[in-house]
Amino acid sequence: MFELGPIFRALLRQKVGAILIALQIALTLSIMVNAIFMMQQRSSQMARPSGLDEANLFYLSNTVFGQNYNHEAALADDLRLIRGIPGVVNATQINAIPLSGGGWSMGLQHKAGEGENSIGVAVYMVDDHGINTLGLELIAGENFQLTDIEWRPATSVSWPARAIVSQAMAESLYPGAYQSALGKTVYINQNEAVQISGIVKTLQAPWNGWDGVERSMLVPFQMETRNSRYIIRTEPGRRDELMPIIEKALAESDKNRIIRNVTSLEDTREDSYRSHNALNKILLLVIVILTLITAFGIVGLAMFSINRRRRQIGTRRALGATQLQVMRYFMLENFLISTLGVVIGAIAAVGLNIWLVSKFELAPLEPQLLVVGVLALYLVGQLAVFYPARKAAAISPATATRSV
Amino acid sequence: MLLMKQLGKVFHTGEVSTHALREVDLEVQEGDFVSVTGPSGSGKTTFLNIAGLLEVASSGLFLLDGENVNQQSDSQRSKMRNQKIGFIFQSFNLIPELNLFDNVDVPLRYRGFDAKERKRRIEQQLELVGLASRMKHLPSQLSGGQQQRVAIARALATSPRFLLADEPTGNLDSQMAQSVMALLEDINRQGTTIIMVTHDHGLAQRAKRQILIKDGRVSELTATLHEPLHIVSPSATEHSAKVAGV
């Protein structure tokens, strides 16, 4: 009924062009599917929540150059000043900014001692205002008390007795039962005991490419440092307005330091994922170009084939083919070529993915993406051949009796 | 069966209009074998194309089995071609990529016959033209005469009542031409109406009726065995009398 047999047999006798297009479809499918997969992975990485109230957060650097500087008093003054500005929700000193690319990491282990397995964790040093400032959701335990906050001299290597960890970190320490982490003692720096006093739902590490990006901990420290950062949370919609105000207020309140690098968390996120965005755009461009080349290839082959077969098409029309049947012939022919292409392409896509997985530690390809890719290529093929098929259908049956 | 009245066909190329057929009056009865002759460019192919529903007349009336084909859609004309008309072309017009079986199968698929019926008809027709043993061969593996026999098998496969042949022996040597002509005569004897365009006056005279097309006008050269004698324009009648030597 649908002439699949004769079309297939005819293709076997004119196979060079068809095979070339099929290979082009195969190449497009294998690259397209893997490129989309890589894009998806990057997009899902970018879509991960940091756990912070990003829209209303900004931070700044406070670089002290004055001699005999009282860091502890200056920090207390600065935080009091910032928190007192109308529109500010809260503020805290912090040693590292999530997603910024720079920070501290340590290892937590169940047992003290050298050689014990430890799990890497990003460390944020904050005071009792830290959770509220960052906008974190405490899902178990309690926040730090004022009495928990320790002053950490610049030369100190010790760690406080309490810590709040992210749910992912708790899960890593106690797989399948993250709640049981609460109240447990773990060891940092091999031998220093730390009790887990709270669990926050999400808090990402500063490094978005780290496979432990969801593992982090808060420790109750205020630091003595000549280069500290303050992170500030504002009321919704007031961040941009308050950024210069707070910068100016701090700068004017103490002439022994420089306030700089006033940056919103949203800008930090954008910077953090700039390469992801760029790569996604490049991959998208590659997909579009490849798809267009394939589509034009199909159009070119179909037009060539139709021009070569004008008399044959006229003969078919003379023998009773309707315009629709002529169109259907070419669309079915393309369907068969596409089928060869997508079969080879699907095998190549899986092969390419296996290679990418082994070389670059990517996740394996999702089968449904392959199915979507196959359907997309079929659609591209049918859309590309539609115009030539219409041209073929428009060939007059009288062509059968006239010189072409 | 076929009735043309005051039929005309004009081709327009830019501002130039070419009258390919003028005021054609013709009636063809069931079972006729009509040969059409005429000089090159006289309008023979245009006449055949219109008779075979491959082109639409610019003016006049054309009834095929009582149906006014000028008023039919392209799709309706396609179906009518498939159901009622078989074509034989000078260049055979076989599809080179398909073997003989698939070539004869082409119009049968458009008719919508099931696979079993198609196979029966294909084998029957190829048997009729003596090529049943070569149904898996490609057209390029056959001689010209054999290819034309396949084309005849293809034309007859749908059991048309009306066979149109455009120079069916034009690309054949005389022996092959005689053989194909004999086959056409045999087909006509079995009741199929045939209109055959030819340059070969010898073959044309073997038809029951002969018409001449010159300058787009049709004239009857012989009276058919069937009455009545068909209407032709006065100038054509005069011309036909001269050509026929009567």
Side-chain angles (χ1 to χ4, degrees), chain A residues 1-19 301-302 304-334 336-337 389-404, chain B residues 9 44-50 52-56 73-99 101-115 118 136 138 140 151 154-155 157-158 160 164-167 197:
Chain A
M1 185 71 181
F2 288 130
E3 295 183 87
L4 277 173
I7 294 171
F8 182 70
R9 289 191 285 278
L11 275 175
L12 287 180
R13 295 192 179 97
Q14 293 285 332
K15 47 182 172 281
V16 176
I19 286 175
L301 177 74
F304 172 74
S305 166
I306 286 161
N307 283 331
R308 194 174 55 81
R309 292 189 280 182
R310 285 182 69 82
R311 181 182 285 258
Q312 183 190 127
I313 295 163
T315 303
R316 287 180 179 277
R317 294 278 283 127
L319 296 175
T322 60
Q323 291 187 324
L324 206 61
Q325 284 168 324
V326 171
M327 276 191 76
R328 193 178 67 191
Y329 181 95
F330 285 96
M331 298 188 87
L332 280 173
E333 186 180 72
N334 175 268
L336 287 179
I337 294 170
R390 276 192 63 179
K391 296 284 279 184
I395 290 173
S396 165
T399 310
T401 60
R402 300 200 186 272
S403 306
V404 180
Chain B
K9 178 68 180 177
K44 297 189 301 295
T45 300
T46 303
F47 167 78
L48 196 77
N49 283 350
I50 290 174
L53 314 187
L54 304 181
E55 285 181 43
V56 181
S73 67
D74 184 88
S75 174
Q76 286 172 319
R77 284 198 301 277
S78 296
K79 285 180 181 140
M80 206 173 205
R81 277 197 298 273
N82 183 258
Q83 288 167 4
K84 297 189 174 180
I85 303 170
F87 285 95
I88 303 168
F89 305 98
Q90 179 178 3
S91 305
F92 325 131
N93 289 23
L94 297 176
I95 295 167
E97 298 92 8
L98 299 182
N99 61 30
F101 185 96
D102 284 337
N103 262 289
V104 179
D105 194 23
V106 170
L108 297 174
R109 284 182 178 268
Y110 297 139
R111 178 71 74 86
F113 288 131
D114 61 31
R118 295 202 316 268
K136 296 297 173 192
L138 292 174
S140 57
R154 181 179 65 185
T158 51
L164 294 179
D166 181 20
E167 303 267 11
V197 167

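Protein chains get the first letters and strands the later ones, always in sequence-line order, with residue 1 at the start of each. The model shown is predicted, which means the values in this text are computed figures rather than measured ones.
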Do A/Pro397 and B/Arg77 come within less than 4.5 Å of each other through their side chains, counting heavy atoms only?
no

Give the minimum heavy-atom separation between B/Phe89 and A/Ala318, together with the two atoms involved.
CZ-CB, 3.9 Å

Could you pull out all residues at least two apart from B/Ser78 that satisfy side-chain hydrogen bond (donor to acceptor under 3.5 Å, both in side chains)?
A/Arg317, B/Arg81

State, to 0.1 Å, how close B/Pro107 and A/Leu319 come at their nearest heavy-atom pair, and which atoms those are.
CB-O, 3.8 Å

Atom group of B/Leu138 that falls short of 4.5 Å from chain A, counting heavy atoms
side chain

What part of B/Arg111 lies closer than 4.5 angstrom to a heavy atom of chain A: side chain, backbone, both or neither?
neither

Residue among B/Thr46, B/Leu48, B/Asp74 with most heavy-atom pairs under 4.5 Å to chain A
B/Asp74

Under 3.5 Å donor-acceptor, B/Asn93 side chain and A/Ala400 backbone
yes

All heavy atoms of B/Ser75 vs all of A/Thr322, minimum pair found to be OG-CG2, 4.0 Å

If the condition is side chain to side chain contact (heavy atoms under 4.5 Å, CB included), which residues does A/Leu336 pass it with, not counting sequence neighbours?
A/Leu4, A/Ile7, A/Phe8, A/Leu11

Picking from A/Gln312, A/Arg309, A/Arg13, what satisfies side chain to side chain donor-acceptor pair (under 3.5 Å) with B/Glu97?
A/Gln312

Atom OG1 of A/Thr401 and atom CG of B/Leu164: how far apart are they, to the nearest 0.5 Å?
10.5 Å

For residues B/Asn82 and A/Gln325, determine if any side-chain heavy atom of one lies less than 4.5 Å from a side-chain heavy atom of the other.
no

So how far is it from A/Arg9 CZ to B/Lys136 NZ, rounded to the nearest 0.5 Å?
6.5 Å

